[in-house]
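These numbers were taken from a predicted model, which means no experiment stands behind them. Naming convention: chains lettered A, B, ... in sequence-line order (proteins, then strands); numbering from 1 in each chain.
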2 protein chains.
Amino acid sequence: MHAEEAGAVAGPGAVAGAATTVSGGDDESGPGVGISGSATRQATIYDVAEAAGVSHQTVSRFLRGFEGIRPQTKQRVVEALERLNYRPNLAARSLTTGQSHRLGALTHEISQVGPSKILQGASAAAREAGYLLDIVTLDVSDRRSIDEALELVMQHDLAGVLALASTDEMTEAFEGTDFRVPAYIAAEQDDARGGHPSHLTTVGLPSLIEHLASLGHRKFIHIAGPFTYSAARNRARAYEAAIAQQGLHSEGIVYGDWTASSGYEELGRRLPHLGATAVVAANDQMALGAMLALSESGISVPDDVSVTGIDDIPEAAYFSPPLTTLRVDFAAQGRTAVQELLGLINRTEPLRGPALPSELVPRRSTGRMRGPQS
Amino acid sequence: MHAEEAGAVAGPGAVAGAATTVSGGDDESGPGVGISGSATRQATIYDVAEAAGVSHQTVSRFLRGFEGIRPQTKQRVVEALERLNYRPNLAARSLTTGQSHRLGALTHEISQVGPSKILQGASAAAREAGYLLDIVTLDVSDRRSIDEALELVMQHDLAGVLALASTDEMTEAFEGTDFRVPAYIAAEQDDARGGHPSHLTTVGLPSLIEHLASLGHRKFIHIAGPFTYSAARNRARAYEAAIAQQGLHSEGIVYGDWTASSGYEELGRRLPHLGATAVVAANDQMALGAMLALSESGISVPDDVSVTGIDDIPEAAYFSPPLTTLRVDFAAQGRTAVQELLGLINRTEPLRGPALPSELVPRRSTGRMRGPQS
DNA sequence: CAGGGCTATGTTTCCGGTAACATTTCCGGT
DNA sequence: ACCGGAAATGTTACCGGAAACATAGCCCTG
């Protein structure tokens, strides 16, 4: 619960040398390398049954939580289970039941804050439900890589697949795929195509714009993400809507690729004829790049121009200046997606939480407009 | 291969609304929710055998790449395979062979750049070898969470476990665990405990210090990570060794927790009596925090004080000023770890690449010393 | 042209669970 | 004490592959 924000933040976690565990190591093969094999064969329900003096079926029943077992019998089974340190063999179970208690997650990136947080939330939600999440990354731009990944996923009999589609290509690829198992294609709802716009769109971005407007800004520019990302489209659309609604003026939209580099380049290109006093970037990284471009041109943030991001990555609070941004709860998105998927699998209504709130986090990269800007 | 650095960098990848795939949807349950079930039962080798007019064993043999099959027979099998769109049931296979072609990866965080890149590399390497990587995150500080995760992992019969231990607690927990399968505990080699120090320690950090020394710096301070992290210890030790070796002077070490916040706080605390002109942070985030603390105190980076990080996270190049740092190849670390694990599993010598190079990336946060610093 | 040794293919069994069906045990009522 | 029926437990079959073992077909040799 509280672990996410706790002090246990990862460091570089570098992996270089290695120790090797030995847990039944009776065998030497490589130099200095221990092999950990199971010392004794894993106990099966048959072993347990014999030890308890009952039939294997009784054990099976107990394991599945069947009620009608005499306390005395149950007692014996429990003891045998304990004594033999029984662990179910999920492969065998899934072979008969056809259910596997594992979910596949397809995503294109796990190094970025957004996707990785989503996965973290998804993974946690899955585990709470007794599932394991197999994360498969694929190269969006390479159709073959996508197919390979899908192939892989379909073989490892999964209870369901969570297809995290960020781009149109991915959505398309996923939608054209027969996963043969329940599949939930989680894409940011394309606000233009009906459905409920996200909280970010309806509340978050408008409040961000409002914040800037209240500081005196009237002329804006937006640094969008690639438009193949529905998230980028939504944000851009929400930006325009908010601008229009509040009677402000947009000096235009430039397109980056989510990276700080693109924010730097694209905004830099616009600098000579920059009429705006507020830069609204579609994510924090591009905002960072934009701020550098501005400061290198002798334009002060926030004295001359205000800059905002979206996401609130952990570093954003320590940019120079600290970045005003919208906090997005990615982990919750991951959880939600998993719950939807589990709903599909169990054919029950998933428990749907409230729309995910996005919250304005004002910091020092936005300030009252001043000076004789055009 | 080239995908890692390609333009396909993840954006926020937000997941909010959802589309649902329907691939055999003959059934309606929830409102607007399609269920994708397999239309027809998956073909088995028995089906294929019948279709090809051979025994199931022949099919099985073919699938495993057995040589002695007459071309004509093989032909028939191939056709039947094709026609029935056969996909092996890995659960059944692993039940008999006891091998599962899935690896478990235990880690404590996937949102940070380091760990996530490591996982990405590991995942890719695993997939190339025909394995799927199950990523299980656990809360390091919670012993019960660790146990639960281990329990989960041990049930889902895995071919091996990659235990990514960054902290001593984790190393300890992992070493005290009987995974029953080959397990490779990947911790950054503790340089103090023998073994080959990493490239970062032997070449990277010394060259970083040298870079600073060449700019005239003589007095240093180090912002270390938590000392329960072997990576933090190694970096601190390497820092001290390099300082000593080059006849420089360390004004001390302060301890952060890898976050920008800690860099800000800890360096801020030292500011009043800061004798150093160069700050060497153990990662880029802490360097970022430190730079903010400095600039808020009117100390210019790099004019008054130089700051360096380690890792070279993507944003580092766009900090204000852009951060001089050491680039670390995390993905390669993940690959290596997987290869070691596969070596254990197959009882063969893993193919070991060269030590992972770390490279100095000089940027504008370091500069020639000047002014009347004490 | 029969017999020996391969080679190609088929049959049976097993892996560790679950499901369906069969049987025994227990219990209350008369 | 006996009986019926539900409750508790046991038996058998099956999931989809792979391994062990069995057998049929082939070529070559003497």
**Student:** In whole angstrom, give the distance that lies between atom CG of B/L84 and atom C1' of D/dG16.
**Tutor:**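 Whole-Å distance recorded here is 15 Å.
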**Student:** Quick check for you: to the nearest 0.5 Å, what is the distance between A/H56 atom NE2 and A/R61 atom CZ?
**Tutor:**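 Going from the NE2 atom of A/H56 to the CZ atom of A/R61 covers 8.5 Å.
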**Student:** Figure out the CD/C1' separation between B/E50 and D/dG17, and round it to whole Å.
**Tutor:**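 Taking CD of B/E50 and C1' of D/dG17, I get 17 Å after rounding.
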**Student:** Could you tell me the separation between the CG atom of B/L132 and the CG atom of B/L158, rounded to the nearest 0.5 Å?
**Tutor:**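 Rounded to the nearest 0.5 Å, the CG-CG separation comes to 10.0 Å.
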**Student:** Compare every heavy atom of A/A43 with every heavy atom of A/Y86, then report the nearest pair and how far apart it is.
**Tutor:**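 Smallest interatomic distance, heavy atoms only, reads CD1-O, 3.3 Å.
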**Student:** Quick one: pull up CZ in A/R70 and CD in A/Q75 and give me the separation to the nearest 0.5 Å.
**Tutor:**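 Reported value, rounded in 0.5 Å steps: 14.0 Å.
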**Student:** Atom CZ of A/R87 to atom P of C/dG17: distance rounded to whole Å?
**Tutor:**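 Distance, rounded to whole Å: 12 Å.
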**Student:** In Å, rounded to the nearest 0.5 Å, how long is the span from CD1 of B/I69 to NZ of B/K74?
**Tutor:**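 NZ of B/K74 is found 6.0 Å from CD1 of B/I69.
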**Student:** Atom CD1 in B/I45, atom CG in B/L63: separation rounded to 0.5 Å?
**Tutor:**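 The CD1 atom of B/I45 sits 7.0 Å away from the CG atom of B/L63.
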**Student:** Whole Å only: how far is the CG atom of A/N89 from the P atom of D/dC15?
**Tutor:**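 In whole Å, D/dC15 P lies 18 Å from A/N89 CG.
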**Student:** Can you confirm whether the side chains of A/N85 and A/R87 place a donor and an acceptor under 3.5 Å from each other?
**Tutor:**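 Yes - a donor-acceptor pair under 3.5 Å links their side chains.
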**Student:** Closest nucleotide of DNA chain D for B/A91 versus for B/R70: which of these residues is on the 5' side?
**Tutor:**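 With B/A91 and B/R70 compared, the 5'-side residue is B/A91.
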**Student:** Under the 3.5 angstrom rule, does the side chain of B/T58 hit a backbone N or O of B/V54 as a donor-acceptor pair?
**Tutor:**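 Flag not set: sc B/T58 to bb B/V54 has no pair under 3.5 Å.
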**Student:** Expressed in angstrom and rounded to an integer, what is the separation of B/I45 atom CD1 from D/dC15 atom C1'?
**Tutor:**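 For the pair B/I45 CD1 and D/dC15 C1', the rounded distance is 12 Å.
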**Student:** How close or far is atom C1' of D/dA13 from atom CG of A/L95, stated in whole angstroms?
**Tutor:**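 From A/L95 CG to D/dA13 C1': 13 Å.
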**Student:** Starting from P on D/dA19, measure out to CZ on B/F66 and report it in whole angstrom.
**Tutor:**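 Taking CZ of B/F66 and P of D/dA19, I get 12 Å after rounding.
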**Student:** Using atom CG of B/L90 as one end and atom C1' of D/dA18 as the other, report the distance to the nearest whole Å.
**Tutor:**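 Nearest whole value for this atom pair: 14 Å.
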**Student:** For DNA chain D, find the residues of residues 53-63 of chain B with a heavy-atom distance under 4.0 Å and give them by number; none if there aren't any.
**Tutor:**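 Output list: B/H56, B/Q57, B/S60.
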**Student:** Have a look at the helix from C/dC1-D/dG30 to C/dT30-D/dA1 and give the angle its two end axes make, five pairs each, rounded to 10 degrees.
**Tutor:**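 The end axes of the helix from C/dC1-D/dG30 to C/dT30-D/dA1 are about 50° apart, to the nearest 10°.
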**Student:** Measure the spacing between NE2 of A/H101 and CD1 of A/I345 and express it to the nearest 0.5 Å.
**Tutor:**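 Between A/H101 NE2 and A/I345 CD1, I get 9.0 Å after rounding to 0.5 Å.
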**Student:** Take A/R93 and B/Y46, find for each the nucleotide of DNA chain C with the closest heavy atom, and name the residue whose nucleotide sits nearer the 5' end.
**Tutor:**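 Upstream on the strand: B/Y46.
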